[in-house]
Structures are given as C-alpha cells and as structure tokens.
Amino acid sequence: AEGALVLHGFAADLAADLLADIQAIADTAPFRHYRVPGGQRMSVAMTACGSWGWVASTAGYGYADRDPESGQPWPSMPARWRDLARRAADGAGFPDPAPDGCLINRYGIGARMGLHQDADEEDRAACIVSVSLGLPSRFRFGGTAKGGATRSCRLDHGDVVVWGGPARLAYHAIDPVRAGEHPLTGPLRYNLTLRRARRAQPG
Ligand code: MD6
Ligand code: FE
C-alpha cells in the first residue's frame, strides 16, 4: 500500500538478540492480557519499553509513562532497537522516527488483533516500524475508513513493516495465529512496534 513497505528478512540476523532483549524486558514488566473498555480480555499479551507504553483498561486506552501493573517506569528501550528503527525507516525512504516507546505483542496459537488504527500517538508524522519474530501471521490492511475492502500479506520471522505517509492511519489487523512451532520461539509470535508517541520537546 502507498506509504507501507515490507522489508522481508530485514531483522533476521538480529532476531536472537531481539528475543533476548524481550526476555529481559519481560523479567521486569511481564506480559499481560489487558482488558479493553468493552470488558473482554485481549488474546494478545502485551508489555512495553521506552518512555511511553501503550496500555488499556476498562477505563480506556492510550500511552502511559509507567507500567500500570507495577507503578514503575517501563524498562528502557535497547539501543539496537532504536538503531533498527532508523535503518528500516531509511530503507523505506522515511526519516528516522526516533521512537520514544515500543509496544511488544506476544501471540499464542489462535491469538489475533482486531481491526484498528494506530491513532493514539501525538506525532502522526513519524512512521511506525514493526518487527515480526517467531511464527508467521497474516497482516490485513484496508483504507482509512472502517469497513472497506482489505488486502493481506504474510509476515514471517525477521520481516519489518514500515508504516508511514498515507498508510499511517490505515485500518489493520492480524488474523488468528495458526498452530506451529518456530525454532526460536516455539508456539509464539512476537511483534515489536516502535513508535513516536509524543512530539519532540521544542528547543
Ligand atoms: C502485529 N501490528 O503485527 C500488530 N500497527 O502484531 C500492528 O498493529 C501495527 O504492524 C501499526 C503499524 C504496524 C503494525
Ligand atoms: Fe497497529
């Protein structure tokens, strides 16, 4: 789609390091299944790192500078994640998104992400860099209005999606993850979405 690019295998040689980073982050800020305002629990387990983490509760959702489970700041973002975001954006023709937070999604077999827009960020000019690890998935995306036709593509271990420009507010979803076993993650898929949640401070 215009403004969205898949860089196949872009993060493949970093995957083992990224998975070790995820483990270290989850030791401090464990994966959890948020409840959404409708009351249901999400099938995807989430955690975050960096200055801002996306959170949800029955009261609403958005960015928080602390882990609501512990009241502590999120673990810091590993330098290689920031660097990966810069290199992927550059490869797709976008400026450095200078991510200030990363949402980390973990999918077991059957977990899915419903159709949504990423619209909670203040800085919509920055692209989002998304890294897929472990089991494959089907990424579905449509236009900026809900309910239109969608297209889909497969995301494999090591694939990086750069999502900016006209695609930045497109609706997208992840179909239920199909049963499988990945050599590095077993029956799991991970997705990192590196984003700029808040505008850079002026001056
Ligand atoms: C996922 N990704 O791949 C979910 N959002 O598990 C997203 O929701 C997403 O991949 C914004 C930009 C890129 C993405
Ligand atoms: Fe999204």
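When a ligand or atom number is given, it counts from 1 through the structure's own listing order.
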Answer yes if the side chains of [X] and [Y] hold a donor-acceptor pair under 3.5 Å, and no otherwise.
X    : Y    : answer
N191 : S130 : yes
Y63  : E121 : yes
R189 : S132 : yes
H116 : D118 : yes

Does a salt bridge link [X] with [Y], judged by any charged N lying under 4.0 Å from a carboxylate O?
X    : Y    : value
R86  : D83  : yes
D175 : R112 : no
R32  : D67  : yes

Using distance alone, determine whether [X] and ligand 1 share an N or O pair under 3.5 Å.
X    : answer
R195 : no
S132 : no
R189 : yes
Y107 : yes

* What atoms in ligand 1 come closer than 4.0 Å to a heavy atom of D118? -> 5 (N), 11 (C)
* Structure fact -> For I174, the ligand 1 atoms with a heavy-atom partner under 4.0 Å come out as 1 (C), 3 (O), 4 (C), 6 (O)
Among all the protein's non-hydrogen atoms, which is closest to [atom], and how far away is it?
atom                    : answer
atom 2 (N) of ligand 1  : N191 OD1, 3.6 Å
atom 13 (C) of ligand 1 : S130 CB, 3.6 Å
atom 12 (C) of ligand 1 : W163 CD1, 3.3 Å

* Structure fact -> The atom of H116 among N, O or S that is nearest the Fe ion (ligand 2) is NE2
* Closest D118 atom to the Fe ion (ligand 2) [N, O or S only] -> OD1
* Structure fact -> Among H172, Q117, H116, closest by heavy atom to atom 9 (C) of ligand 1 is H172
* Asked: Does ligand 1 have a heavy atom under 4.0 Å from the side chain of V161, from its backbone, from both, or from neither?
  -> neither
* **Qualifying residue, where the test is side chain to side chain contact (heavy atoms under 4.5 Å, CB included) with L192 and the options are I22, V160, L84** => I22
* F139 and H172 aromatic ring geometry - parallel, tilted or perpendicular at 30°/60° bounds -> tilted
